[in-house]
Number of protein chains: 2
Amino acid sequence: MVTLKDVAKVAGVSYATVSRALSGSSEIGEQTRKRILKLCEEMGYTPNAVARSMVMKRTNIIGLIVASIENPFMSELTSHIEIHARHNGYNLMVCNSSYDTELEKEVFSLLLGRQVDGVILLPVGSGSYSSLQQLTAQVPTVFISENLQDLPENYVAIDNRQGMAAATEYLYSLGHRRILYFGCRSNSVTHRLRLEGYEQACKSAGIAPEVLYSPFERSSQEAGYRLAAGYFQDGIRHTAMLCASDSLAIGVMQAAYENGVSIPNRLSLMGFDNISFAALPPIDLTTVDQPKERMAKAAVDMLIERIKNPDLPHTHEILPPLLVLRSSCRAVRS
Amino acid sequence: MVTLKDVAKVAGVSYATVSRALSGSSEIGEQTRKRILKLCEEMGYTPNAVARSMVMKRTNIIGLIVASIENPFMSELTSHIEIHARHNGYNLMVCNSSYDTELEKEVFSLLLGRQVDGVILLPVGSGSYSSLQQLTAQVPTVFISENLQDLPENYVAIDNRQGMAAATEYLYSLGHRRILYFGCRSNSVTHRLRLEGYEQACKSAGIAPEVLYSPFERSSQEAGYRLAAGYFQDGIRHTAMLCASDSLAIGVMQAAYENGVSIPNRLSLMGFDNISFAALPPIDLTTVDQPKERMAKAAVDMLIERIKNPDLPHTHEILPPLLVLRSSCRAVRS
DNA sequence: GCAGTTTACGAAAACGTTTTCGTAATTTTA
DNA sequence: TAAAATTACGAAAACGTTTTCGTAAACTGC
């Protein structure tokens, strides 16, 4: 590897001069700058980012912790985060937490040792963030896609309550009066808010909320499948099913398929998240979109702001969800 | 941040001693080691990986360049690579190349500047790797999921030819004699081999190969959709369709759906890759699996070997693909 | 009890940068 | 034209580690 010192030696100048030529400093003559830049080119010099980080006390690396990269929702977010971060001069160090709060803390510490300038956390969503606080206190951190309410943290999320309320109202507008909510027994605030949105909209519409919970399992698709399979055994008592997530809805779809329940003819089905699966024509799930690109950008921008000025107070940004109408819902025959 | 020097000062020893206590060196007394480790704990000392990298001339970071993280196939691979790398003491720096060969080279250089110990490349697949060679020559590199034949590179791939031959034979065994191949006009060797596998199996079976090409577009799903839509206009002349990738097949499925062509009743459909989409019940696509976890492990292991011993000759590993039977294919009525 | 060996530790260099400070050389001002 | 200001550069410290080398002190064998 050719270093700055090597270039300086060949050029017959001090390393300070080479450094200045590269950094665009004004403390250098125009002709020497050109000479040195040309020499760097010729010698194939690449600045060593590690050495630079050492003295600058900043790595220009953002750590990203995500529950599971292979989850389509999370991989979409990850992709946008990477691109937007890179456009701002940051690289991404990515770690899976594999839905494990212990591992989540472990990789967080690991990233701290790596001296990342900040962390974006797509949390497991255990509902308990107290044990993370001694870690988030050590480096600028932004949570994404998890509503942390009044916790002293930075986060970007959508208005889950409003989103689910809008979903409920949409079903109501199609004539549905018996709408079953398929909830997720997660402790996350996100899921609590979604449920509240449903209940609130039911109340406003004057219909009775009915809720079925899935136990929180590794795969919510599996959970939706089992829950729906059980439900179908006893006969269909509703005209629409509103699921806490697209994954759940897809599980339901599988069970419906196997039980000969036609969607949307016999049952309207709605999800939440708008993962890329949902748009596939054979699925074509009506759902509520989380604007992933906007969320990613907002999180990166928020983080960079806090990296530049660590004393900024905690903040959060709540983006509006968007109803995505597809073919899994239809109006009730009158 | 509390540093090793701080600990040394409090402990009243030199920094060498603290370093030795932490590294498990034998050149230190048992009681001092314990005393220092306890002190490190108390003071909340975290080793600075950047400083360590500086002197060790090794970062324990693997760079991963992927065409698009949000592509389900690639995100699955990414996830397994991250986990396996971390278990071996490496962290992952991830970059999107966004299907752009120029950007691919750009981020590669960027990773070189970051002093990554090695690079795993999930390439755009332009078919031309010569311009990459001056980059891959500078750091241990392993290509994944792209068959590079005799190129002087390291790679992990599947036997694409055999996989597609097996797919063809399976359709033949179901009684299909008119099998249309939906190819991808990509320049990648991978796609050439798949086509060859199809042609070879046709020849052995004594049936005529028929091929329709999609132009290489950003989204192969879109390409499949357009190609199939055109095909259906002129009437169905085949009993089975074999697609070069699952994405293509899903596009075909959409077109079939819209044209009232029932799969598998009217037309058997087969894909290749086994992306997670393919398993979703409403899709349930018969396909050829690329064993992603095994590929990821093989690539990481191959890379680490070459990091430890950079003088190792180039090598490659070809894994066997696996037929995944689902419901998108059926036997021809006799 | 003395030479030789081992053990346990400290001093200091090294990694490749950036940046501060100092200073000749040049330019500007009066 | 002398003093003051500016420009262009070099010397050296600093960042937080690891590791080599040197050396007292403790131990070994006879």
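Computed from a predicted model, the values in this text were never measured in an experiment. Per chain, numbering begins at 1; letters A, B, ... match sequence-line order.
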Would you tabulate the pairs of protein nitrogen or oxygen atoms and nucleotide nitrogen or oxygen atoms of nucleotides 24-28 of chain C closer than 3.5 angstrom?
none

The helix from C/dG1-D/dC30 to C/dA30-D/dT1: angle between terminal helix axes, five bp per end, to the nearest 10 degrees, reads 30°
Figure out the CD/P separation between B/Gln115 and D/dT17, and round it to whole Å. 19 Å
Side chains of B/Tyr99 and B/Glu104: is there a donor and an acceptor less than 3.5 Å apart? no
Check whether the side chains of A/Thr59 and A/Asp117 place a donor and an acceptor atom closer than 3.5 Å, and report yes or no. yes
Spacing between B/Ile36 atom CD1 and C/dA8 atom C1', to the nearest angstrom: 11 Å
Would the number of heavy atoms belonging to other residues, nucleotides or ligands and lying under 6.0 Å from CD of B/Glu42 be above 12? yes
Backbone N/O of B/Tyr90 and side chain of B/Asn88: donor-acceptor pair under 3.5 Å: no
Output the rounded distance in Å from CZ (B/Arg114) to P (C/dC15). 22 Å
Verify whether one side chain among B/Glu153 and B/Thr136 offers a donor that lies under 3.5 Å from an acceptor in the other. yes
Using a heavy-atom cut-off of 4.0 Å across all strands, would you classify A/Val13 as base, sugar-phosphate, or nothing? sugar-phosphate
Step through the shown structure and confirm whether more than 12 heavy atoms of other residues, nucleotides or ligands are within 6.0 Å of CG on B/Asp150. no
Walking DNA chain C from its 5' end, the first of B/Ser26 and A/Lys5 to be reached, judged by nearest nucleotide, is B/Ser26
Mind calculating the distance between CZ (A/Arg58) and P (D/dG16) to the nearest angstrom? 16 Å
Taking atom types as modelled, find out whether B/Thr78 and B/Ser75 have a side-chain donor-acceptor pair closer than 3.5 angstrom. no
Interatomic distance where CG belongs to A/Asp6 and C1' belongs to C/dG16 [whole Å]: 10 Å
By the 4.0 Å heavy-atom rule, please label B/Ser53 as base, sugar-phosphate, or nothing. nothing
Please report, rounded to the nearest Å, how far the P atom of D/dC15 is from the CG atom of B/Asn48. 12 Å
Have B/Thr190 and B/Asn147 got a donor and an acceptor in their side chains that come within less than 3.5 Å? no
Report which part of the nucleic acid A/Gly113 touches: base, sugar-phosphate, or nothing (heavy-atom distance under 4.0 Å, all strands). nothing
Have a look at A/Asn96 and tell me which of B/His80, B/Glu82, B/Arg86 forms a side chain to side chain donor-acceptor pair (under 3.5 Å) with it. B/Glu82
Once you round it to whole Å, what is the distance between P of D/dA8 and CD of A/Gln31? 8 Å
Quick one: is A/Lys57 getting a side-chain N or O under 4.0 Å of the D/dA14 phosphate, OP1 or OP2? no
Side chain to side chain donor-acceptor pair (under 3.5 Å), that's the test. Do B/Tyr155 and B/Glu317 meet it? Break it down for me. CA-CA 7 Å; B/Tyr155 61 90; B/Glu317 198 166 333; over 6 Å; no
Would one find a side-chain N or O of A/Thr3 under 4.0 angstrom from OP1 or OP2 of C/dG16? no
What does the list of N/O pairs under 3.5 Å between the protein and nucleotides 18-21 of chain C look like, with a distance for each?
{"from": "C/dT18", "atom 1": "OP1", "to": "A/Arg52", "atom 2": "NE", "distance (Å)": "3.0"}
{"from": "C/dT18", "atom 1": "OP1", "to": "A/Arg52", "atom 2": "NH2", "distance (Å)": "3.0"}
{"from": "C/dT18", "atom 1": "OP2", "to": "A/Ser19", "atom 2": "OG", "distance (Å)": "2.6"}

Taking NZ from B/Lys9 and P from D/dG16, how many angstroms apart are they, rounded to a whole number? 11 Å
Any donor and acceptor pair, going by atom type alone, linking the side chain of A/Ser98 with main-chain N or O of A/Asp100 inside 3.5 Å? no
Taking every heavy atom of A/Leu111 against every heavy atom of A/Gly63, the minimum-distance pair comes out as CD1-CA, 3.9 Å
